[in-house]
Amino acid sequence: MTQRLDGRVAVITGAGSGIGLATARRFAAEGAKVVCVDLDPETGAKAANEVGGLFIQADVTDEAAVRDLFQRAVDEYGRLDITFNNAGISPPDDDSILTTGLEAWKRVQEVNLTSVYLCCKYAIPHMQRQGKGSIINTASFVAVMGAATSQISYSASKGGVLAMSRELGVQFAREGIRVNALCPGPVNTPLLQELFAKDPERAARRLVHIPLGRFAEPEEIAAAVAFLASDDSSFMTANTFLVDGGISGA
Ligand code: NAI
């Protein structure tokens, strides 16, 4: 594997599972020092241990915790080159505008959208000091198109992530900080498996809309994140990066 990320320091939120875990492995394989952030102390510590990085247990909706985690990452490794804002939760059951309660709506916005606002807010000053940085925010294909399944709070949160990423990409481009939104299609992770467990027919409904005829594996998403993190994507910012098996093109 080429060492595109040699000497780079990367923070990954939600590193204990799914896309975050696969990306922690990929970043480490490409030479990065990885700071694994997760709410779950067991899976987060396991991931950090596996990739030889640092584990920070944090709730990414807690402003003080987010500020401290970026400071700790810089204290430990001396710099911050990459931030992958990936932690998120799935939609509540029956996430229709007619049924989703206000508290459930707010919780999804808090974890999926406010967390990205907080992580960007506290990552960017470190990158400004270096005059360089790459931020990748996990949105979803549902940020750019309606889904075949009802998920109003989730889609709205991911639309917010996409809009915020564009805005920040434009605002900080002249300071050498690139900000891109990653929009995966359905990925075979615990988050998706949980949704399918609740509604077994959901998988079939989804598959119909995926031209490649299958769900992504987390490693396929991690490969795209590594590209966005690396200088191979040096002319890309404020971008909507779809890795969706063709859903949005069909
Ligand atoms: P996952 O459930 O496998 O992993 C999410 C991780 O985030 C978990 O380790 C969890 O402990 C952590 N986390 C949740 N809330 C947190 C909080 N408040 N503070 C810190 N950590 C927290 O999920 P998956 O599938 O890997 O999803 C990662 C991201 O990708 C999410 O933002 C999700 O919305 C997005 N996504 C997932 C897709 C899929 O089909 N799996 C498709 C498109 C986007």
Side-chain angles (χ1 to χ4, degrees), residues 11-26 35-48 50 55-66 68-70 83-92 95 106-119 136-145 147-149 151 153-162 164-165 181-197 202-203 205-207 209-210 214-222 224-225 240-245 247-248:
V11 167
I12 300 177
T13 70
S17 176
I19 296 168
L21 176 59
T23 304
R25 290 174 175 147
R26 177 78 189 223
V35 178
C36 295
V37 178
D38 209 289
L39 191 57
D40 185 324
E42 274 176 34
T43 57
K46 195 164 169 237
E50 182 188 329
F55 172 55
I56 301 178
Q57 185 190 8
D59 180 341
V60 288
T61 68
D62 175 339
E63 179 159 15
V66 170
D68 292 352
L69 80 86
F70 283 104
T83 299
F84 180 34
N85 297 321
N86 163 78
I89 53 173
S90 55
D95 191 16
K106 283 184 182 167
R107 180 71 190 145
V108 172
Q109 306 317 314
E110 198 180 10
V111 181
N112 289 2
L113 178 58
T114 306
S115 69
V116 178
Y117 148 75
L118 289 174
C119 288
I136 303 105
N137 295 326
T138 306
S140 165
F141 74 101
V142 299
V144 300
M145 61 185 293
T149 46
Q151 43 185 42
S153 65
Y154 185 83
S155 297
S157 71
K158 294 303 188 180
V161 170
L162 177 58
M164 181 162 48
S165 305
L182 173 81
C183 297
V187 189
N188 189 16
T189 68
L191 183 146
L192 196 73
Q193 286 149 12
E194 187 190 315
L195 285 175
F196 292 161
R202 192 181 181 113
R205 289 202 302 277
R206 268 273 181 267
L207 273 174
H209 297 278
I210 307 175
R214 62 178 177 83
F215 302 117
E217 291 305 320
E219 292 73 22
E220 295 177 286
I221 308 302
V225 184
T240 304
F241 200 71
L242 283 146
V243 188
D244 66 355
I247 302 177
S248 58

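Keep in mind that what you see is a predicted model, and the values were worked out from it rather than measured. Positions are given from 1, in the same order as the sequence printed here. Each ligand, and each atom within it, is numbered from 1 in the order the structure gives.
- The two atoms that bring Asn86 and Gly14 nearest to each other are ND2-O, 3.5 Å, heavy atoms only.
- For ligand 1, the polar-atom distance check against Asp59 finds a nitrogen or oxygen pair separated by under 3.5 Å.
- Scanning all protein heavy atoms for the shortest distance to atom 17 (C) of ligand 1 gives Val60 CG2, 3.6 Å.
- Residue contact check for ligand 1: Thr13 places no non-hydrogen atom closer than 4.0 Å to it.
- Side-chain polar atoms of Asn85 and Thr13 form no donor-acceptor pair below 3.5 angstrom.
- Note: an N/O pair closer than 3.5 Å links Tyr154 and ligand 1 by distance alone.
- Asn188 and Gln193 form a side-chain donor-acceptor contact under 3.5 Å, judged by distance and modelled atom types alone.
- With respect to atom 10 (C) of ligand 1, the closest heavy atom belonging to the protein is Asp38 OD1, 3.5 Å.
- Given atom 7 (O) of ligand 1, the protein heavy atom at minimum distance is Gly14 CA, 3.4 Å.
- The nearest heavy-atom contact from the protein to atom 40 (O) of ligand 1 is Val187 N, 2.7 Å.
- Considering only non-hydrogen protein atoms, atom 25 (O) of ligand 1 sits nearest to Thr189 OG1, 2.4 Å.
- Residue-level proximity to ligand 1 for Glu194 is absent, since no heavy atom of it falls below 4.0 angstrom.
- Minimum interatomic distance between Phe215 and Arg206 (heavy atoms only, all atoms of both residues): CE2-CB, 3.9 Å.
- Of all the atoms in ligand 1, the ones that sit under 4.0 Å from a non-hydrogen atom of Gly18 are 3 (O), 26 (O).
- Contacts of Ser157 classified as side chain to side chain contact (heavy atoms under 4.5 Å, CB included), with partners at least two apart in sequence or in another chain: Val108, Gln109, Asn112, Leu113.
- The residue from Pro41, Gly16, Ser17 that puts a heavy atom closest to atom 1 (P) of ligand 1 is Ser17.
- Among residues two or more places apart in sequence or in another chain, the salt bridge (Lys or Arg N to Asp or Glu O under 4.0 Å) test is passed with Glu217 by none.
- Close contacts between ligand 1 and Ile19 involve ligand atoms 26 (O), 30 (O), 37 (C) [criterion: under 4.0 Å to a heavy atom].
- Comparing Asp244, Leu195, Val111 by heavy-atom distance to atom 15 (N) of ligand 1, the nearest is Val111.
- In this structure, Ala58 has a heavy atom closer than 4.0 Å to ligand 1.
- Among protein heavy atoms, atom 27 (O) of ligand 1 sits closest to Leu191 CD1, 3.9 Å.
- In the candidate list Ile56, Asn86, Thr138, Asn112, Asn86 is nearest to atom 31 (C) of ligand 1, counting heavy atoms.
- Distance CD1/Ile136 to CG/Leu182: 8.0 Å, rounded to 0.5 Å.
- Protein heavy atom closest to atom 14 (C) of ligand 1, with residue, atom name and distance, is Gly88 O, 3.8 Å.
- Not one N or O of Arg107 is nearer than 3.5 Å to an N or O of ligand 1, by distance alone.
- Contacts between Ala139 and ligand 1, counted as non-hydrogen atom pairs separated by less than 4.0 Å, involve the backbone only.
- Of the protein's heavy atoms, Leu39 N, 3.3 Å lies nearest to atom 21 (N) of ligand 1.
- At least one heavy atom of Gly185 sits under 4.0 Å from some atom of ligand 1.
- With respect to the salt-bridge test (charged N to carboxylate O, under 4.0 angstrom), the residues Arg26 and Glu219 do not qualify.
- Heavy-atom proximity to Ser140, at under 4.0 Å, picks out these atoms of ligand 1: 43 (C), 44 (C).
- When each atom of ligand 1 is checked for a heavy atom of Pro186 under 4.0 Å away, the hits are 40 (O).
- Annotation: Leu192 places no N or O atom under 3.5 Å from an N or O atom of ligand 1; distance criterion only.
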